Amino acid sequence: MGVFAEQIIHAPLFATAQIRSGEDRLKKNEVEWVSVMETPVENFIREKEFVLTTGIGIGEDADLLEKFVSDVIHSGASMLGIATGRHIFDIPDRVLQLAEEHGFIILDLPWDVRFGDVISTVLNEINKSKQEERQVSEEIRLDFLNQVLQEGDLQEIAELLHRHTRMPAMITEFDGTMRAYYDVSEDVLAAVEAKQWTRPKAYEIEQHLGAAFSEHRLHPHIFVYDTAGERWCRVLIHTKHRKQGFVWFRLPDGQPMTWFTMNVLEHAVTACALFFIKEDAVEAREIKVKDSFILQLAKEEPDDFGVVRSKAELLGYDLDLPYVCIVGRIHLREDESEFPSFHKDNPPTSSLQNVNYYIQKEINSAARFIGRRAMATFDEDEVIVFLEAAYDVYTETANQFLDYIERRLSDMLTEIGLRWGISVKKEEANGFHHSYREAYTALEIGIRKAEESSRTFYKDTRINRVLLAMSANHDIQSLVQEIVKPLADYDEKRQTDLIHTFMTYNKYSGNVSQTARALHLHRQSLLYRLRNIESLTGLSLLESDDVFLLELTIRLWQLKDLQRPALGLQSGRSEEGT
């Protein structure tokens, strides 16, 4: 696109004009403006101008004319029209030789050709070209848009970009995954996917892109890289909420950046953004359906498992595989408390939604890493995963899976922690629902026990489940209050930890020295605490029955918040509420 010198001199107005130098540049020199200039030139001429001069003030001074022409050449003008017959009658050979050496066009204009007519003719050609360029640009925009609307893919967009600009092109996701390419070597594809590139120096980048296009709205988003021995440019594709990917292109050797190229690139980037939005919308609908199915699978007993199995097959799930259920709870590491906002309604852009996005991504990645299928969903701050795992190795499989997730999330979401409850799925039709309830129970027990481990397997919670069943007895509840409440009140009032002191003392079978080391206490301080425990509870730590009773009541006290119908351990709330 654009107007070139050849188009201008073919106008009828220039029938009597003569080309005195640079004839081989007529098809190459682009003209963007026209101006009248007399000596001195200084910095009043911009690049790609058609300069007109009457030669007033120069006359027959060959040296002065040569200096004037030299200044016009070095200003970056496209061509020079000299009016002859009044101030300049003939153009000296040495001036023409200078022009030929620089590949510069000099046009000999008869004096009777008016500059006003020349300017009008040139501007008409420029405006006509710009109008044609706008029309072509609009057609190209519609071409890209139709590719998206008519179910085209990114490969067709890459091919369309190449067709209109002749530039090799690639389209990648934001993480570098290659989605489409055209006219690109294997070496470049491999280097880009491996992120093997370097940034050129600033002046090289400016020279490559050209300063003339710095005002184009796409220009600030173009970055230049050297990869596999080639110089490529990259433009960010972003939508309202996400950075989606990049359009890569390479300017052919010797081909400069043009406004037309910039406009086509802008249309290509817009088409890619629309494609990603459409793709995300389809994916979001699919995820929503899958999330609803998995949530129902976990929290409801099926009326007809055959119907559930058929629906699972449509969604790409195989319910006949052996699974382990993993239930996770998100919490803040700094105070081990749950997100307050997680108990409210959360908009799609909330922090919880963002956390869920990263966790879901790592769940899928971990499943691929260990070569297992996984079904996952979220319910507020709760993560529910059904992971394929053989019964005889489900503990190892679950730990390997969670190790991968926690390692990745610890780097990505440093303020977030997760606690997990794990249970193997049984063979019966409602096995998914039962394994979820068991995993949920294990999770809650693990949280209330406040142990260092973030994982609790249901098979390891037998003693706790026995204690929970006991705690339903009214007499036992009264006994717990009578023995443990004085210790809890004392700890709260004095900011001590007598309950933890006793449990540590009991863990080391009454060995004072080991307990003192574990608690980082002086021996006498520990003995003082133990006497306080005896005084407050009325029990003797030297009597095995008293020690057993104190341990039992403390364990019941610590588990008192676990008496929830959701765990299937108490009555009072329907299972549909779990």
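The model shown is predicted, which means the values in this text are computed figures rather than measured ones. Residue indices begin at 1 and follow the sequence shown.
Rounding to the nearest 0.5 Å gives a distance of 11.0 Å between CG of D183 and CG of L161. Atom CD of residue E100 and atom CD1 of residue I106 lie 8.5 Å apart, to the nearest 0.5 angstrom. In this structure, NZ on K243 lies 6.5 Å from CG on L236, to the nearest 0.5 angstrom. For the atom pair SG (C233) and CG (L265), the distance works out to 8.5 Å, reported to the nearest 0.5 Å. Here the CZ atom belonging to F260 is positioned 11.0 Å from the OG atom belonging to S129, to the nearest 0.5 angstrom. Rounded to the nearest 0.5 Å, atoms CD (Q360) and OG1 (T377) are 7.5 Å apart.
Looking at every heavy atom in both residues, V269 comes nearest to I237 through O-CG2, 4.1 Å. For W197 against V192, the heavy-atom pair with the smallest separation is CZ3-O, 3.4 Å. Scanning both residues, G55 and I88, for their nearest heavy atoms gives CA-CD1, 3.6 Å. When all heavy atoms of A77 and I45 are compared, the pair lying nearest together is CB-CG2, 4.1 Å. Of all non-hydrogen atoms in A5 and I105, the two that sit nearest each other are CB-CD1, 3.7 Å. V31 approaches M79 most closely through the heavy-atom pair CG2-SD, 4.2 Å.
Not a single donor-acceptor pair under 3.5 Å links the side chain of E266 to the backbone N or O of L218. The backbone N or O of D175 sits less than 3.5 Å from a side-chain atom of K195, completing a donor-acceptor pair. Panel note: side chain N364, backbone A367; no donor-acceptor pair is recorded below 3.5 Å. Using modelled atom types, one side-chain atom of E388 and one backbone atom of R373 make a donor-acceptor pair closer than 3.5 Å. A donor-acceptor distance shorter than 3.5 angstrom exists from the side chain of T121 to the backbone of D117, with no hydrogens or angles considered. Judged by distance alone, the side chain of E204 and the main-chain N or O of K201 form a donor-acceptor pair under 3.5 Å. Remark: the backbone N or O of Q196 is paired with a side-chain donor or acceptor of T227 at under 3.5 angstrom. K48 places no side-chain N or O within 3.5 Å of a backbone atom of W33 that could act as its donor or acceptor partner. Side-chain N or O atoms of S75 include none that pairs as donor or acceptor with a backbone N or O of R46 at under 3.5 Å. Counting only distance, with no hydrogens or angles, the side chain of N263 and the backbone of W259 share a donor-acceptor pair below 3.5 Å.
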| message | If you apply the rule salt bridge (Lys or Arg N to Asp or Glu O under 4.0 Å), what do you find for R309 with D318, and how did you get there? | response | CA-CA 8 Å; R309 181 185 282 110; D318 185 356; over 6 Å; no
| request: Walk me through it: do L52 and S35 pass the test side chain to side chain contact (heavy atoms under 4.5 Å, CB included)? | output: CA-CA 6 Å; L52 302 171; S35 65; over 6 Å; no
| Does the pair L160 and R163 meet the rule for a side chain to side chain contact (heavy atoms under 4.5 Å, CB included), with working shown? | CA-CA 5 Å; L160 195 59; R163 189 189 313 157; 3.1 Å; yes
| message | Between E279 and R179, does the salt bridge (Lys or Arg N to Asp or Glu O under 4.0 Å) criterion hold? Intermediate values first, please. | response | CA-CA 13 Å; E279 190 176 62; R179 293 293 302 270; 2.8 Å; yes
| request: Any chance you could lay out the side chain to side chain contact (heavy atoms under 4.5 Å, CB included) test for M178 and L189, step after step, and finish with the verdict? | output: CA-CA 8 Å; M178 187 66 62; L189 292 174; 3.7 Å; yes
| task | Test side chain to side chain contact (heavy atoms under 4.5 Å, CB included) on E173 and F246 and set out the steps. | result | CA-CA 6 Å; E173 292 188 6; F246 300 98; over 6 Å; no
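For the residue pair D108 and T84, a side-chain donor N or O sits within less than 3.5 Å of a side-chain acceptor on the partner. Side-chain atoms of Y225 and R199 form no donor-acceptor pair, as typed in the model, at a separation below 3.5 Å. Between the side chains of Y404 and S365, at least one donor N or O lies within less than 3.5 Å of an accepting N or O. Using modelled atom types, one finds a donor on one side chain and an acceptor on the other under 3.5 Å when comparing E38 with T53. Side-chain contact annotation: T177 with E193, donor-acceptor N/O pair under 3.5 Å absent. With 3.5 Å as the limit, one finds no donor-acceptor pair spanning the side chains of S78 and E49.
Around atom NZ of K130, no more than 12 heavy atoms belonging to other residues, nucleotides or ligands sit under 6.0 Å away. By the 6.0 Å contact criterion, CZ on F276 is enclosed, its count of non-hydrogen atoms from other residues, nucleotides or ligands being greater than 12. Residue-environment remark: CD (Q155) exceeds the threshold of 12 foreign heavy atoms within 6.0 Å. No more than 12 heavy atoms of other residues, nucleotides or ligands sit less than 6.0 Å from atom CZ of F369. The number of heavy atoms from other shown groups lying within 6.0 Å of CZ (R94) is above 12. The 12-atom threshold is exceeded at CD of E139, counting heavy atoms of other residues, nucleotides or ligands nearer than 6.0 Å. With a 6.0 Å radius and a threshold of 12 heavy atoms from other residues, nucleotides or ligands, L149 has its CG atom above the threshold. Within 6.0 Å of NZ in K278 there are more than 12 heavy atoms belonging to other residues, nucleotides or ligands.
Relative ring orientation between F293 and Y317 is described as parallel, the plane-to-plane angle staying below 30° on a 0-90° scale split at 30° and 60°. Ring geometry, W232 versus W248: the interplanar angle exceeds 60°, so the pair is classed perpendicular (tilted spans 30 to 60°).
Scored by the side chain to side chain contact (heavy atoms under 4.5 Å, CB included) test, Q97 finds E101 as partners (sequence neighbours excluded).
A salt bridge does not link K288 with D291: every distance from a Lys NZ or Arg NE/NH1/NH2 to an Asp or Glu carboxylate oxygen is 4.0 Å or more. Using a cut-off of 4.0 Å between Lys/Arg side-chain N and Asp/Glu carboxylate O, D379 and K299 are scored as salt-bridged. Salt bridge status for R407 with D403: absent, with no side-chain N to carboxylate O gap under 4.0 Å.
Residue pairs meeting the ring pair (Phe, Tyr, Trp, His ring centres under 6.0 Å) criterion with at least one member in residues 135-167, sequence neighbours excluded: H162-Y182.
Using a 4.5 Å heavy-atom cutoff, the side chains of M375 and Y323 are in contact. Counting heavy atoms from C-beta on, the side chains of Y181 and T172 never come closer than 4.5 Å. Contact annotation: the side chain of L418 approaches that of I359 to within less than 4.5 Å [non-hydrogen atoms, C-beta and beyond].
With F249 as the partner, the side chain to side chain contact (heavy atoms under 4.5 Å, CB included) test is satisfied by one option alone out of V235, I171, T165: V235.
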